[in-house]
Amino acid sequence: MTLPPATRRDFFRHSAAGLIALPWINAGRTARLHADEPAVRDAAPVRKQLDIKTEKPLNAETPLSVLGERWITPLESFYVRCNGSIPTLNTRDFTLIVEGLVEQPLTLKVGELIERFPTVKTTATLTCAGNRRIEFAATTQKASGLQWVSGAMSNAEWQGVRLSDVLKRAGMKPGAKHVWFDGLDEVVEKTETISFGGSIPLDKALADTAVAPGALLATHMNGRVLLPEHGFPLRSVVPGFVGSRSVKWLGKITVSDRPSPNRFVASSYKIVTEETPAALDAVTPLYEQCLNSMITSPAEGAAVSGDRLTVKGFAMPAGHAGRSVKLVEVSTDNGQSWQPAKFTSPVRDFCWVLWSAEVALTPAATSLLVRATASNGETQPQSMPWNAKGYQYNAWHKVSVKRA
Ligand SMILES: Nc1nc2c(c(=O)[nH]1)N[C@H]1C(S)=C(S)[C@@H](COP(=O)(O)O)O[C@H]1N2
Ligand SMILES: [Mo]
């Protein structure tokens with residue numbers, strides 16, 4: 001559907017009110033964002049209701065009970081993962097650079113992106129690759145990194161323009177194979193200050209499907225302009241990929257023949273059993289999220305009564321197009337038998353699905369387990385091998401219960 005050109009004010013009035021029902025927007029030649037626009041004022045902070053892990057940099061996760069309540073996570077409950085500062089940016093000065101193996105390097109204001117490329121919306125679940133890391137400590141050995149419990153995961157409706165449209169406008173040169181993302185934040189390392197960087201294969205950037213772009217350059221989240229902590233005014237959102245490839249405060253896109261040398265690609269986000277340069281060099285970066293599921297209700301340690309119990313939670317497919325969660329099962333006898341759950345939300349590629357199960361409970365039951373099985377037959381493992389950086393923990397999730 002193509003709509004008549006909207007005025008800049010109209011566009012932002014709609015966006016500020018969260019009323020964007022327009023699949024395609026051509027905002028007209030003069031569209032520019034300025035500091036006094038409602039869209040910029042709309043970036044004012046939301047009071048977050050999260051469990052804070054660290055204040056500086058800001059890292060905060062969503063309580064499990066809250067995650068299970070809504071398919072789309074409200075902004076106040078969307079987890080935050082920052083490796084460095086939250087830069088203070090305004091749309092008047094902000095420019096996105098597109099360079100590298102392209103015929104025509106581009107510099108674009110946010111207003112120009114919105115004006116020159118079709119607007120798309122997609123729902124995608126972001127997961128930090130280190131989510132559930134704390135369970136390595138409980139089952140094998142502590143892994144390095146923030147000890148996320150289970151709430152470094154949230155689902156939002158994102159709006160922006162397709163990365164593929166921007167890349168096609170720039171024109172790819174022969175040899176182009178990877179797309180680098182550079183953030184405008186400052187991450188203080190031992191001997192230097194760097195910016196956070198991500199990288200995705202060009203194939204993924206161009207893999208637009210009917211439900212989702214391969215990657216989105218997002219300006220809005222849940223119908224509102226991005227919040228400062230989520231990357232205002234522009235971030236990449238890579239549906240199905242680990243959260244670290246969705247780079248916030250996105251200042252530069254570089255097309256290259258190889259993955260980014262940024263340390264968040266070259267040495268973080270790799271599955272290794274020892275953190276030596278040789279071991280890290282030998283493996284490719286993590287891209288796709290893994291199959292996972294969790295129980296959000298009852299809560300850990302809850303008192304339960306009776307012989308029937310309602311158990312709720314979410315399940316996440318691995319991040320490949322066309323891969324969905326086919327089956328979610330709950331066990332009340334330590335995995336000897338399993339009872340199926342029903343889906344209670346939309347089922348979409350790159351999104352979690354909410355589920356609910358009415359299970360029979362014997363007097364002897366002391367725990368609940370969940371596992372998901374995907375459309376390709378993959379099932380979550382009962383236990384999982386340790387890795388030094390503690391990524392992609394996806395063994396059966398367990399909640400202990402006691403008799404009321
Ligand atoms: N510029 C920048 N982008 C970033 C990060 C960061 O520290 N800096 N953290 C990444 C990681 S590790 C994750 S899991 C997601 C989290 O996105 P959110 O904070 O919007 O939930 O952002 C990614 N993008
Ligand atoms: Mo992350």
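Just so you know, residue 1 is the first one in the sequence shown, and it goes up from there. Atoms within each ligand, like the ligands themselves, are counted from 1 in listed order.
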Among protein heavy atoms, which lies nearest [atom], and at what distance?
{"atom": "atom 8 (N) of ligand 1", "value": "Asp185 OD2, 2.6 Å"}
{"atom": "atom 22 (O) of ligand 1", "value": "Arg235 NH2, 3.5 Å"}
{"atom": "atom 19 (O) of ligand 1", "value": "Lys248 NZ, 2.5 Å"}
{"atom": "atom 14 (S) of ligand 1", "value": "Tyr79 OH, 3.2 Å"}
{"atom": "atom 9 (N) of ligand 1", "value": "Arg81 O, 3.3 Å"}
{"atom": "atom 12 (S) of ligand 1", "value": "Tyr269 OH, 3.0 Å"}

Min N/O separation [X] to ligand 1 under 3.5 Å:
{"X": "His230", "value": "yes"}
{"X": "Ser246", "value": "yes"}
{"X": "Trp249", "value": "no"}
{"X": "Ser244", "value": "no"}

**Q.** Numbered atoms and elements of ligand 1 in range of Cys82, under 4.0 angstrom, heavy atoms
**A.** 7 (O)
**Q.** Element-labelled atoms of ligand 1 that are located less than 4.0 Å from some non-hydrogen atom of Phe78
**A.** 21 (O)
Q. Arg245 near ligand 1, heavy-atom distance under 4.0 Å?
A. no
Q. Is ligand 1 less than 4.0 angstrom away from at least one heavy atom of Phe181?
A. no
For [Y], is there an ion pair with [X] - N to carboxylate O distance below 4.0 angstrom?
{"X": "Arg371", "Y": "Glu329", "answer": "yes"}
{"X": "Arg263", "Y": "Glu189", "answer": "yes"}
{"X": "Glu61", "Y": "Lys53", "answer": "yes"}
{"X": "Glu103", "Y": "Lys173", "answer": "no"}

Q) Below 4.5 Å, heavy atoms only, C-beta onward: do Asn292 and Tyr393 meet side chain to side chain? A) no
Q: Identify the residue among Arg162, Lys168, Arg169 that makes a side-chain hydrogen bond (donor to acceptor under 3.5 Å, both in side chains) with Asp165.
A: Arg162
Q: Verify whether one side chain among Ser85 and Glu186 offers a donor that lies under 3.5 Å from an acceptor in the other.
A: no
Q) Do the ring centers of Phe78 and Trp158 come within less than 6.0 Å of each other? A) yes
Q: Going by heavy-atom distance to atom 13 (C) of ligand 1, choose the closest among Ser195, Gly243, Cys128.
A: Gly243
Q: Take atom CZ of Arg258 as the centre, draw a 6.0 Å sphere, and report whether it contains more than 12 heavy atoms from other residues, nucleotides or ligands.
A: no
Q | Full working for salt bridge (charged side-chain N to carboxylate O under 4.0 Å, His left out) between Glu288 and Arg323 | A | CA-CA 11 Å; Glu288 283 88 5; Arg323 193 77 63 87; over 6 Å; no
